[in-house]
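Scroll down for the structure; my scribbles are underneath it.
We use all heavy atoms of the structure for the numbers below, so side chains are in, but hydrogens, waters and symmetry mates are not. In what follows, every chain begins at residue 1, and chains take the letters A, B, ... in the order their sequences are listed.
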Amino acid sequence: MLRRILALTIKEFIVILKNKKSRMVLIIPPIAQIIVFGYAATFDLKDVGVAIYNEDRGEVSRDVIARFQGARVFKIVNWIQSDREIAPILNEQKALMVLHFHEDFSKDILRGKGGNLQIILDGRNSNTALIALSYCRQIISDFNRAYSKRFRGVLPPARLKVRAWFNRTLNSHWFIIPGIVALLTIVVTLEVTALSVAKEREAGTFDQLLVTPMTPFEILLGKSLPGLIIGILEGTFIILMTCFWFEIPLRGSLLVLYSGLFVFLLSAIGIGLMISSISLTQQQGLMGAFMFLVPAVVLSGFATPIANMPEFVQRFTLLNPMRYFLVIVRSVFLQGAGFDILWTQYIPLAIIGVVSLAVAAALFRKRMY
Amino acid sequence: MNKKRMRLKGLIKKESLQIIRDPSSIGIAFLLPVVLLLIFGYGVSLDAEHVPIGIVIEKPGHLAMDFTGGFYNSEYFSPTVFSNIQEAEKALMKRRIMAICWIRSDFERRVLSTKDSPVGIIVNGVDANQAKIVTGYITGVWIKWLSQYARSKGLRLDAPVNVEQRIWFNAAVRSRNFLVPGLIAVIMTLIGGMLTSMVVAREWERGTMEALLVTPVRIKEVILGKIIPYFVLGMGGMAISVVIAIFIFHVPFRGSFLALTYASALFMLTAIFLGLLISTAAGSQFVAGQIAIVITFLPAFMLSGFVFDINSMPFPIQVITHIVAARYFVSILQSLFLVGNVWKIYIINCIWLMVMALLFFRIIRKKSHKRLA
């Protein structure tokens with residue numbers, strides 16, 4: 001039995017690796033993608049274009065502007081003189097926001113009243129707008145604190161002391177890059193498995209495989225092993241890149257991480273083989289892989305949180321293996337979580353894996369007739 | 001001329017028949033955008049609501065209750081009370097709550113005497129973006145409390161500078177308004193690529209390409225014959241997506257439909273050319289399929305500016321994003337939907353799309369010629 005499985009595994013590897021183009025597809029894109037996406041995927045702002053519209057001649061507005069000039073997030077790109085200039089600047093995305101100081105800004109503040117600083121933002125990307133706005137608030141509230149202390153001697157009754165756990169500077173790379181481990185691993189695994197049965201079916205060689213002494217279970221193992229081995233290799237590569245190239249701290253244990261990777265791969269392979277055995281042609285196999293992969297990625301919590309989804313979509317994501325593995329990778333990397341916290345993620349993954357593999361094996365025979 | 005037209009017509013007819021007889025392509029073009037857009041439109045949102053927050057009050061008192069009341073009255077939070085900080089921290093570890101508001105026993109005394117009483121806020125920073133947004137919401141609760149407190153005591157505690165924000169184009173700051181137009185671009189990239197990436201590879205694999213090549217048909221006609229039916233299909237899917245965005249997701253549309261149609265046509269051509277290019281270059285359906293997965297979906301998802309703002313990327317990556325056609329279309333769509341006809345943005349992005357389409361077309365022609373020799 002072992003010899004038969006081994007023979008099939010070797011044959012699968014040859015099929016995957018003999019074609020130079022197909023070899024390239026497995027090796028080059030993950031390397032390019034982890035680097036490009038690793039740098040590209042960020043919610044943090046930098047060099048946000050700010051236009052300043054200062055009708056105030058006073059000192060206070062100058063102090064406030066100086067604080068914006070000193071902030072790394074912002075870059076002052078434009079000084080404007082009239083209301084009419086605001087719209088074109090925002091419409092054409094020359095700046096993300098306009099700071100408007102009214103004529104009486106400094107005077108109001110010196111008189112002890114509050115001065116109004118109007119911030120007009122381009123809300124096209126609402127996330128960018130919200131984050132930029134919260135940076136502005138931070139700058140203004142620091143300014144207010146310093147100003148009150150110096151000139152008024154009164155401080156507000158309470159202040160917030162915010163601490164972020166697990167990611168002190170709230171660098172969003174730390175969130176996204178471990179997620180890429182899950183993303184690229186599932187893509188590669190599906191590529192390897194989703195066409196493997198369909199290809200043979202189209203060529204007619206699958207029927208031949210079925211009449212060999214191999215049981216469906218053995219065929220299943222033989223077809224799964226290449227995906228598992230390639231998945232673990234690619235996963236390891238990406239984990240290494242995450243640790244050493246992007247220097248994301250790995251606070252948990254490798255054992256927890258790799259057990260997660262293993263069950264995740266099982267479920268990905270199961271789904272890939274299931275798609276492949278339903279398909280009669282490679283085109284259908286490819287489409288099936290796409291149809292699974294795209295929602296699996298978009299609705300995984302990779303970029304947008306599952307908690308923000310409506311209830312029925314949240315329930316739908318329970319079927320998505322990526323959802324669980326993302327939690328595992330991120331918790332192991334940033335939080336150093338162990339099995340005690342993460343077991344709730346392993347169990348659904350294992351269930352998805354076992355069920356889909358069983359269905360795939362059952363379909364091997366079924367689709368013959 | 002006449003013969004040329006006849007040949008082209010024949011080819012288009014053949015491709016169209018092939019599409020009609022294999023209902024899966026029609027499914028891809030019409031059903032898929034609907035399903036994907038509905039699922040994603042509902043599923044993709046960056047707006048946090050009912051964020052679970054833990055509240056720890058070490059010494060119950062009027063002021064502490066008053067302060068935390070802000071969390072109960074806000075739709076952004078759904079608060080849970082913990083009796084001590086250790087328990088709250090445990091819940092934070094287990095991701096049951098996203099943040100903790102920790103009011104120590106000396107809160108009231110310090111508010112009344114020395115002022116500047118610290119309120120401990122701990123956020124789970126694993127999802128840094130959400131953590132920032134939640135911190136922003138918490139700051140909002142705090143600011144509101146400050147002004148209420150001042151009013152109730154008859155104090156003048158006006159902050160020196162008040163921020164008065166105005167958010168243009170998307171006053172309610174709904175992330176769906178920018179995500180849904182972006183999704184249209186991502187979905188259409190997929191569909192264009194998927195529809196066409198296999199068609200040429202399929203002909204080579206089945207040997208029908210050679211049969212086609214011995215006929216007087218020119219390679220340009222073969223390409224056109226393949227493009228036109230898929231283009232029509234793709235535009236149909238596009239139209240449905242726009243209708244869904246406007247009527248189901250209530251994304252405002254402020255530009256002109258003519259401009260939208262033109263830009264969509266350009267983008268559709270680019271996406272289809274890319275699919276054809278893959279399928280010409282790959283030679284076999286197997287490889288074509290693998291390449292299509294790698295170079296259509298993920299780049300459109302990550303590098304188009306659909307969720308991740310291109311301006312925040314490091315410069316070399318910003319340069320790379322220029323080879324992702326979806327980037328131009330996302331920019332056009334976001335402006336057409338939310339702002340209106342911003343011609344400067346529109347024209348620049350259309351030119352880029354046109355350049356890409358032409359480039360792809362030339363490469364396809366060249367590659368196809370080589371095969372002939």
**Request:** For A:Arg111 and A:Asp108, run salt bridge (charged side-chain N to carboxylate O under 4.0 Å, His left out): C-alpha distance rounded to whole Å, both residues' side-chain angles, the deciding distance at 0.1 Å, then the answer.
**Result:** CA-CA 5 Å; A:Arg111 258 193 272 142; A:Asp108 281 343; 3.6 Å; yes
Using heavy-atom distances under 4.5 Å, tell me whether [X] contacts chain A through its side chain, its backbone, both, or neither.
{"X": "B:Ile345", "result": "side chain"}
{"X": "B:Thr296", "result": "side chain"}
{"X": "B:Val339", "result": "side chain"}
{"X": "B:Lys344", "result": "side chain"}

Heavy-atom distances under 4.5 Å only: say whether [X] touches chain B with side chain, backbone, both or neither.
{"X": "A:Gln138", "answer": "neither"}
{"X": "A:Leu110", "answer": "neither"}
{"X": "A:Ala41", "answer": "both"}
{"X": "A:Lys94", "answer": "side chain"}
{"X": "A:Ala87", "answer": "both"}
{"X": "A:Ile341", "answer": "side chain"}
{"X": "A:Lys46", "answer": "both"}
{"X": "A:Val188", "answer": "neither"}
{"X": "A:Ile176", "answer": "side chain"}

To the nearest 0.5 angstrom, please state how far the [atom1] atom of [X] sits from the [atom2] atom of [Y].
{"X": "B:Ser312", "Y": "B:Gln318", "atom1": "OG", "atom2": "CD", "value": "8.0 Å"}
{"X": "B:Asp309", "Y": "A:Leu96", "atom1": "CG", "atom2": "CG", "value": "7.5 Å"}
{"X": "B:Ile310", "Y": "A:Thr128", "atom1": "CD1", "atom2": "OG1", "value": "11.0 Å"}
{"X": "A:Phe143", "Y": "A:Leu117", "atom1": "CZ", "atom2": "CG", "value": "10.0 Å"}

Return the option, out of [options], with the maximum number of heavy-atom pairs under 4.5 Å with chain B.
{"options": "A:Arg163, A:Met97, A:Met291, A:His173", "answer": "A:Arg163"}
{"options": "A:Leu45, A:Leu293, A:Val313, A:Ile140", "answer": "A:Ile140"}
{"options": "A:Ile306, A:Val98, A:Asp47, A:Thr42", "answer": "A:Thr42"}
{"options": "A:Arg124, A:Lys161, A:Gln314", "answer": "A:Arg124"}
{"options": "A:Arg168, A:Arg145, A:His100, A:Arg330", "answer": "A:Arg145"}
{"options": "A:Ser172, A:Gly115, A:Ala164, A:Ser134", "answer": "A:Gly115"}

For [X] and [Y], take the angle between the two ring planes, folded into 0 to 90°, and tell me which bin it lands in: parallel under 30, tilted 30 to 60, perpendicular over 60.
{"X": "B:Phe107", "Y": "B:Trp145", "answer": "tilted"}
{"X": "B:Trp343", "Y": "B:Tyr346", "answer": "perpendicular"}
{"X": "B:Phe301", "Y": "B:Phe306", "answer": "tilted"}

**Prompt:** What residues, two or more places apart in sequence or in another chain, satisfy ring pair (Phe, Tyr, Trp, His ring centres under 6.0 Å) together with A:Phe312?
**Reply:**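 Here the qualifying residues are B:Tyr42.
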Interface residue of largest heavy-atom contact number with chain A, from [options], under 4.5 Å:
{"options": "B:Leu190, B:Ile320, B:Leu36", "value": "B:Leu190"}
{"options": "B:Leu183, B:Val119, B:Asn170, B:Leu32", "value": "B:Val119"}
{"options": "B:Gly140, B:Gly125, B:Gly305", "value": "B:Gly125"}
{"options": "B:Val173, B:Val161, B:Ile122", "value": "B:Val161"}
{"options": "B:Ile348, B:Leu303, B:Asn311", "value": "B:Leu303"}
{"options": "B:Gln165, B:Met98, B:Glu49", "value": "B:Gln165"}

**Message:** Suppose we screen for side-chain contact (heavy atoms from CB on, under 4.5 Å). Which residues come up paired with B:Pro314, at least two apart in sequence or across chains?
**Reply:**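 Applying side-chain contact (heavy atoms from CB on, under 4.5 Å) to B:Pro314 gives A:Tyr39, B:Pro316, B:Ile317.
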**Message:** Would you say that more than 12 heavy atoms from the other residues, nucleotides or ligands in this model lie under 6.0 Å from the CG of B:Leu38, or not?
**Reply:**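 Yes, the 6.0 Å shell around CG holds more than 12 heavy atoms from other groups.
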Would a distance-only check, ignoring hydrogens and angles, find a side-chain to backbone donor-acceptor pair under 3.5 Å from [X] to [Y]?
{"X": "B:Arg254", "Y": "B:Phe169", "answer": "yes"}
{"X": "A:Asn320", "Y": "A:Ala296", "answer": "yes"}
{"X": "B:Asp47", "Y": "B:Arg174", "answer": "no"}
{"X": "A:Asn91", "Y": "B:Val342", "answer": "no"}

